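Computed from a prediction, not measured in an experiment: that's the story for all the values here.
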Amino acid sequence: MTEVLKINVPGKAEYVGTVRLATAHVASYAGFDIDTVEDIKVAISEACTNIICHAHENPNFVYDVVLEVGGNVLTITVKDDGAGFGIEEYVTPVLGELQVGGLGIFIIRALMDEVDIQSEPGTGTNIRMTKHLQSIAV
């Protein structure tokens, strides 16, 4: 059985911490260890921050976060109806070259097991991140 938590989040930086806490709780409940929970928190923070910084000019927008737990998998979807971007134009940053910004998608992909990003200019962005619960051999 899959359990689902849906959150409508005001597009303000003050609420990223709330999303992080809710995500950490769900990930802990699902059985992820503390290091993996921290990775998941960083990934969700990056996704939310990208939306806040890039999705809307309207300061009163709302975006959606959906947390799904089931079958040893945590799936997080972050969706906005903002400006969107051409995902095919995304260029993986070159590590070691000093730059400001542009690492969010790279970080999300590095920390999560699966990442699917759907976005086009004018249609918003949908980021679906999946983390699999690994059994620990003792």
Restricting to non-hydrogen atoms, name the atom on Gly84 and the atom on Ser119 that form the minimum distance, rounded to 0.1 Å.
CA-OG, 3.3 Å

Approximate separation, where rounding is to 0.5 Å, of Thr75 OG1 and Met129 CE:
10.0 Å

Charged N-O contact under 4.0 Å between Lys6 and Glu68:
no

Run the side-chain contact (heavy atoms from CB on, under 4.5 Å) test on His132 and Glu114 for me, step by step, so that the C-alpha distance in whole Å, both residues' side-chain angles and the decisive distance to 0.1 Å come before the verdict.
CA-CA 9 Å; His132 298 275; Glu114 300 168 27; 2.7 Å; yes

Would you mind reporting whether Gln134 and Asp113 have side-chain heavy atoms less than 4.5 Å apart?
yes

Any side-chain heavy-atom pair of Ile51 and Phe61 under 4.5 Å
yes

Can you give me the closest heavy-atom contact between Arg109 and Val115, atom names plus distance?
CA-CG2, 3.8 Å

Closest non-hydrogen atom pair, Ala22 against Ile7:
CB-CD1, 4.0 Å

Yes or no on side-chain contact (heavy atoms from CB on, under 4.5 Å) for Ile44 and Val78, after CA distance, side-chain angles and deciding distance?
CA-CA 8 Å; Ile44 190 71; Val78 181; 3.5 Å; yes

Enter the distance from Asn126:CG to Gln118:CD here, rounded to the nearest 0.5 Å.
5.5 Å

Non-hydrogen side-chain atoms of Val69 and Thr2 separated by less than 4.5 Å
no

To the nearest 0.5 Å, atom NZ of Lys41 lies from atom CZ of Arg20 at 4.5 Å

Is the shortest heavy-atom distance from the side chain of Asn50 to the side chain of Ile52 under 4.5 Å?
no

Which class fits the ring pair His25 and Tyr29: parallel under 30°, tilted 30 to 60°, perpendicular over 60°?
parallel

Close side-chain approach of Val26 to Leu5, heavy-atom, < 4.5 Å
yes

Looking at Lys79 and Asp64, is there a salt bridge between them, counting it only when a charged N and a carboxylate O are closer than 4.0 Å?
no

Kindly compute the distance separating NZ (Lys12) from SG (Cys48), expressed to the nearest 0.5 Å.
15.5 Å

I want to check something: taking the side chain as every heavy atom from C-beta on, are Leu74 and Thr130 in contact at a cut-off of under 4.5 Å?
no

Any side-chain heavy-atom pair of Ile40 and Thr36 under 4.5 Å:
yes

Straight-line distance of Asp80 CG to His54 NE2, nearest 0.5 Å:
11.0 Å

If we only count heavy atoms from C-beta on, is the Thr77 to Ile127 side-chain gap below 4.5 Å?
no

